[in-house]
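Here's the structure we're looking at; comments come further down.
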Amino acid sequence: MRASSLNGHSSGLFLRSIVRSCNPLAIGSVWSPLKARSLTKTAGLLSCKSMSANTPVVRVKEKIGLTEKEKMIFDRLLATVRHFDLPTQLRVAGGWVRDKLLGKECYDIDIALDDMLGSTFVDKVTQYLASTGEEAQGLAVIPSNPDQSKHLETARMRLYDIWIDFVNLRSEKYSDNSRIPTQMDFGTAEEDAYRRDLTINSMFYNINTSLVEDLTGRGIDDLRSGKIVTPLAPKETFLDDPLRVLRAIRFGARFSFTLDEELKRAAASNDVKDALAAKISRERIGTEVDLMVSGNGPVKAIAYIYELQLFWVVFSLPHEHEPTLPEECDRLCLAYMDAAWSLLQLIGSLSLTDEQRRLSLYAALFFPFRTITYEDNKGKKIPIVNYVFRNSLKRKASDAETVVSVHSAVARLLSLIPFLESNVDGELNEDEMGIELVDIPASSKLRVLTGFLLREVKDFWRVALLIALLAYPSPIGCSEDAMFKHIELDKRKKVFQAVENAILKLGLEKIWEVKPLVTGKDIMNVLQLKCGGPLVKEWQQKLLVWQLATPAGTADECLEWMRQTHLKRIKME
């Protein structure tokens, strides 16, 4: 999703307003207690015989309309049932039903089976397809792993280029001192519905009967009234699978639904926090966080994590690090992310790609960590941001490297912004940039220093600029007036555009793709060296400085400059 599709509603720049907004995120009022409801079969029509007198705010469709591809998939599955004369009821579960009722397309199809394992049914589908001359694709079985709260074996296959997951309906029994099931049986659809994470995800679409089945009696109501509620007592549901806490947060943020008050109390309880830390793999936690950050309500999601006191459970840190964390660091992380999100919306869609937008939000969220390090097993100091990505969230190494690189570039970029913004050469402090500018005209120094910086962060230079503007001309605070912050961010948007235009005017777009005019071998020939070494590396940087300062220069001119400069050095020595 590019920035053009970002939610136009401002999440609020004043941090206290963010935290307060965790309560009133609802897009509909709370409905009265459950109403009796009946289902009628009319080509998938859902008929509500008794409903609240209030007008629902969330628009829920009265029937599920199938795409042509979905019809073909369901026809093949029903044909398998008929071919083997099975009594099996096929139900699409969870998110597909919810999204279809909301009028959204969904390609995540999970089939729940009432009388056999998913792998058994997939074998039968494979046999049926073979009998018709068709070939099954992408067959796989993912085993259960109760220790990580994955209680069901899942079988997968591809039908008409869509992945389908097959699982059995379940009923569980627990020991007194554990939430890991001691006995797993085939369950009824109703038992399975109550074992789901949220009521809005507990509905089924029965393929055999073309009926939507709301077996908890409140899935439709909660969808209409915009509520995030668990089918059973929330603490029981969360201890069954603690990852459901993060899923509840993600769906609340995604749909701008309200988290139920009892659900929030359970999520913030020590028992659930301990279970989330101990029982759920870091990969699963990281996947949920990444979906939040990539979604349409990232600030709301992180605000919920902050409000429910889950921040340090999710973004766990090593025990030893230096310097110490800033006071109220979690609150500060949220404030920076909120400011970055608001600035992204002000800037618009043309500047950043989806990936750049995602990593800019991570870079803002972890901005207070940028100077903090820890020692690895070899005693080497590593940025703590690397630890969060690689250990706490188990994200890919490139995410950590990019965000660390962006943070590293920010300090130097802050010293360049005043000159880029005003398009004035001024007195640039080249020592801060760590680059020696010998015999370089003052008018070219800004291009050289900016070019070196862009060659480091490459395609993410706009991300670095965005993050730098959270601290330019002064850091975004946590307690200023919301209107003041809005005015301040509008100013920073203008600075972003001015600096971006200056960089483009300097001809530095894609400068990291420009190859050096002179090779290492050429340098060795001029210096009359038989092998490379530090001296060659030193000259490579000098020649790159010359190339950036002389964008129209040729390789011959570059070599001639090197010869003359080298001769001057020899004479001086």
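Computed from a prediction, not measured in an experiment: that's the story for all the values here. Sequential numbering from 1 along the given sequence is applied to the chain's residues.
- The aromatic ring centres of Phe311 and Tyr306 sit 6.0 Å or more apart.
- Between the side chains of Arg462 and Thr353, not a single donor N or O lies within less than 3.5 Å of an accepting N or O.
- Ser316 and Ser392 form a side-chain donor-acceptor contact under 3.5 Å, judged by distance and modelled atom types alone.
- Side-chain contact of Asp114 with Gln89: a donor-acceptor pair under 3.5 Å is absent, judged by distance alone.
- Using modelled atom types, one side-chain atom of Asn208 and one backbone atom of Leu90 make a donor-acceptor pair closer than 3.5 Å.
- In terms of the salt bridge (charged side-chain N to carboxylate O under 4.0 Å, His left out) criterion, Asp115 has no residue partners (sequence neighbours excluded).
- Interatomic distance, CZ of Arg247 versus CZ of Arg250, reported as 5.5 Å (0.5 Å rounding).
- A donor atom on one side chain and an acceptor atom on the other are found under 3.5 Å apart for Arg98 and Asn201.
- For Tyr336, the ring pair (Phe, Tyr, Trp, His ring centres under 6.0 Å) partners are Phe367, not counting sequence neighbours.
- For Lys493, the salt bridge (charged side-chain N to carboxylate O under 4.0 Å, His left out) partners are Asp490, not counting sequence neighbours.
- Every residue meeting the ring pair (Phe, Tyr, Trp, His ring centres under 6.0 Å) condition with Tyr128, not counting sequence neighbours, appears here in chain and number order: His83.
- When the side chain to side chain donor-acceptor pair (under 3.5 Å) test is applied to Glu70, the partners found at least two apart in sequence or on another chain are Thr67, Trp96, Lys100.
- Ion pairing between Arg82 and Asp85 fails under the 4.0 Å rule for side-chain N and carboxylate O.
- With sequence neighbours left out, Val313 forms a side-chain contact (heavy atoms from CB on, under 4.5 Å) with Lys273, Leu276, Ala277.
- Residues satisfying the side-chain contact (heavy atoms from CB on, under 4.5 Å) criterion with Ser269, sequence neighbours excluded, are Lys235, Asp271, Val272.
- Using a cutoff of 4.0 Å between basic side-chain nitrogens and carboxylate oxygens, Arg196 and Asp192 are scored as salt-bridged.
- Salt bridge Asp399/Arg395: absent, no basic N to carboxylate O contact under 4.0 Å.
- Residue Phe84 places its CZ atom among more than 12 non-hydrogen atoms of other residues, nucleotides or ligands, all under 6.0 Å distant.
- The ring pair (Phe, Tyr, Trp, His ring centres under 6.0 Å) search around Phe204 returns none, not counting sequence neighbours.
- Residues satisfying the salt bridge (charged side-chain N to carboxylate O under 4.0 Å, His left out) criterion with Arg76, sequence neighbours excluded, are Glu134.
- Of the possible donor and acceptor atoms, one in the side chain of Gln356 sits under 3.5 Å from a partner among the backbone N and O of Asp459.
- The salt bridge (charged side-chain N to carboxylate O under 4.0 Å, His left out) test applied to Asp165 returns Arg156, not counting sequence neighbours.
- The structure places OG of Ser360 at 9.0 Å from CG of Leu470, a figure rounded to the nearest 0.5 Å.
- Paired with Val299 under the rule side chain to side chain contact (heavy atoms under 4.5 Å, CB included), one option of Leu365, Leu361, Leu334 passes, and it is Leu334.
- Salt-bridge formation is detected for the pair Asp290/Arg358: a Lys NZ or Arg NE/NH1/NH2 atom is positioned less than 4.0 Å from an Asp or Glu carboxylate oxygen.
- In terms of the ring pair (Phe, Tyr, Trp, His ring centres under 6.0 Å) criterion, residue partners of Phe369 (sequence neighbours excluded) are, by chain and number, Phe366.
- Scored by the side-chain contact (heavy atoms from CB on, under 4.5 Å) test, Asp123 finds Gln127 as partners (sequence neighbours excluded).
- Between the side chain of Thr120 and the backbone N or O of Met116 there is no donor-acceptor pair closer than 3.5 Å.
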